[in-house]
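Here's the structure, in structure tokens; my notes come after.
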Amino acid sequence: MTASVLYQASEGVATLTLNRPDVLNAMNGDLMRELREGVERAAGDAGVRAVLITGAGRGFCAGADLAARGKDGISDSGTLLRERYHPIIMALRQMPKPVVTAVNGVAAGAGMSLALAGDVVLAARSASFLQAFSKIGLVPDAGSTYFVPRYAGEMRARALAILAEKIDAEEAQRIGLVWKVHADDALQDEAGKLARHLATMPTMAYGMIKEALNQSFDNDLAAQLEVEATLQSRASRSDDCKEGVAAFMEKRKPQFKGR
Ligand code: T3D
């Protein structure tokens with residue numbers, strides 16, 4: 001049977017490719033199970049220092065598989081989200097390694113949430129983003145009401161969720177949902193290049209950057225300064241910090257080991 005998520009690890013990068021192209025990589029039970037396994041495998045593999053998530057075919061991910069509703073073992077949507085979606089979104093945000101999402105086509109519903117769970121979101125010029133939920137009488141989930149207002153601002157989050165208008169990659173970049181847009185035929189190369197570069201960088205510091213930013217919007221300034229000081233104390237004792245400073249002083253390229 002064809003895998004619903006392809007997992008490939010090389011040069012320090014685990015690439016997870018959503019692989020149900022006929023339905024724009026809609027999320028059914030198999031895809032979510034394999035995606036979770038892949039994310040956990042990448043998180044637990046010390047040889048993996050960056051993760052790349054993308055989609056096969058012309059879509060990134062069309063969100064929950066609507067044809068599988070009620071037939072996939074879990075009938076209650078809340079239970080479905082808690083059991084299948086939340087562990088993946090949380091694992092991506094908490095993983096102490098950078099996650100790149102390469103949005104190769106439409107990212108709709110929870111597929112848009114998955115795209116935004118990346119630390120660096122890249123998109124193909126023809127990609128699009130759609131808070132599809134309200135079109136079918138649902139509310140944004142899998143993190144969309146967390147990510148969209150934080151990245152794009154509350155007014156845009158409200159309009160995107162309520163109007164459910166599809167926006168293109170350039171608009172998504174303009175409003176802060178996407179870091180960079182690449183030509184369609186360059187996206188995968190650019191995403192791979194970026195992920196491989198990240199895999200040679202100070203992974204431990206990246207993990208702590210994620211930790212600091214994960215807390216940022218919940219803290220006041222004093223608390224966030226304390227978070228920074230605590231993390232910096234750890235970062236400054238890392239091998240990579242020693243190497244980074246030494247390389248700077250010696251005017252050479254640093255050789256980071258990720259620890
Ligand atoms: O209870 C719960 O499930 C809670 C969890 C909710 C999380 C969610 O994500 S809810 C939101 C679910 N997603 C959607 O509502 C999006 C539905 N899809 C679309 O609106 C459109 O397909 C797109 C805008 C994403 C793309 O449009 P287009 O015109 O480029 O493609 P298409 O022709 O609509 O789709 C291509 C095929 O994929 C088509 O199959 P066919 O006709 O060729 O056999 C279509 O049915 C299938 N497909 C697309 N999205 C889904 C899907 N099949 C199942 N589930 C989908 N979400």
Side-chain angles (χ1 to χ4, degrees), residues 1-6 16-36 39 53-93 101-118 121 123-149 151-152 157-172 175 177-178 181 184-185 187:
M1 214 171 69
T2 317
S4 299
V5 176
L6 307 175
L16 282 73
T17 306
L18 311 182
N19 190 37
R20 301 185 71 219
D22 294 349
V23 288
L24 307 178
N25 303 315
M27 298 150 132
N28 66 357
D30 284 345
L31 184 138
M32 295 308 273
R33 182 179 44 75
E34 292 173 34
L35 182 57
R36 182 174 177 174
V39 167
I53 300 180
T54 192
R58 71 176 179 90
F60 174 73
C61 177
D65 186 329
L66 299 177
R69 276 175 74 79
K71 299 181 207 152
D72 224 2
I74 302 176
S75 55
D76 174 64
S77 292
T79 307
L80 183 80
L81 288 164
R82 289 185 196 98
E83 291 191 3
R84 294 200 178 146
Y85 290 66
H86 298 185
I88 295 169
I89 301 296
M90 291 302 288
L92 293 172
R93 297 304 279 195
T101 46
V103 183
N104 52 299
V106 65
M112 178 164 168
S113 309
L114 176 66
L116 298 182
V121 183
R125 199 163 307 282
S126 70
S128 56
F129 294 80
L130 173 62
Q131 291 278 282
F133 309 92
S134 66
K135 285 190 172 200
I136 53 168
L138 289 177
V139 297
D141 61 23
S144 269
T145 62
Y146 184 93
F147 299 128
V148 183
Y151 293 168
R158 284 175 189 264
L160 288 171
I162 289 170
L163 303 176
E165 283 178 12
K166 190 154 71 167
I167 57 168
D168 64 25
E170 276 167 17
E171 175 69 355
I175 66 174
L177 296 174
V178 162
V181 176
D184 287 6
D185 59 2
L187 176 72

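When a ligand or atom number is given, it counts from 1 through the structure's own listing order.
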- request: Determine the minimum heavy-atom distance between Ala110 and Tyr85, stating which atoms define it.
  value: CB-CE2, 3.5 Å
- line: Candidates Gly63, Ser77, Ala64, Ser144; heavy atom nearest atom 56 (C) of ligand 1 found on Ala64
- request: Please work out which of Asn28, Leu138, Asp22, Leu24 has its closest non-hydrogen atom nearest to atom 27 (O) of ligand 1.
  value: Leu24
How far is [atom] from its nearest protein heavy atom, and which residue and atom is that?
atom: atom 55 (N) of ligand 1; value: Leu66 N, 2.9 Å
atom: atom 13 (N) of ligand 1; value: Ala62 O, 2.9 Å
atom: atom 6 (C) of ligand 1; value: Asp141 OD2, 3.1 Å
atom: atom 52 (C) of ligand 1; value: Val23 O, 4.0 Å
atom: atom 54 (C) of ligand 1; value: Asp65 OD1, 3.3 Å
atom: atom 3 (O) of ligand 1; value: Arg69 NH1, 3.0 Å

task: Rounded to the nearest 0.5 Å, what's the gap from CG on Asp185 to CZ on Arg125? Could you check?
output: 10.0 Å
statement: When rounded to the nearest 0.5 Å, the distance separating CE of Met32 from CD1 of Ile88 is 3.5 Å
Verify the contact flag for [atom], where contact means a protein heavy atom under 4.0 Å away.
atom: atom 18 (N) of ligand 1; result: no
atom: atom 21 (C) of ligand 1; result: no
atom: atom 46 (O) of ligand 1; result: no
atom: atom 41 (P) of ligand 1; result: no
atom: atom 31 (O) of ligand 1; result: yes
atom: atom 50 (N) of ligand 1; result: yes

Would you say ligand 1 has an N or O under 3.5 Å from any N or O of [X]?
X: Lys166; answer: no
X: Leu81; answer: no
X: Leu130; answer: no
X: Phe133; answer: no
X: Ala108; answer: no

- request: Report yes or no: does a heavy atom of Arg58 sit under 4.0 Å from some atom of ligand 1?
  value: yes
query: Is a side-chain donor-acceptor pair under 3.5 Å present for Ser113 with Ser144?
result: yes
message: Please tell me whether Ser126 and Asp184 have a donor and an acceptor in their side chains that are separated by less than 3.5 angstrom.
response: yes
- line: In Val178, Val148, Thr101, the residue satisfying side-chain contact (heavy atoms from CB on, under 4.5 Å) with Leu116 is Val148
query: Atoms of ligand 1 less than 4.0 Å from Ala132 heavy atoms?
result: 14 (C), 15 (O), 16 (C)
message: Are Val103 and Phe129 packed together at the side-chain level, in the sense that at least one heavy-atom pair is separated by less than 4.5 angstrom?
response: yes
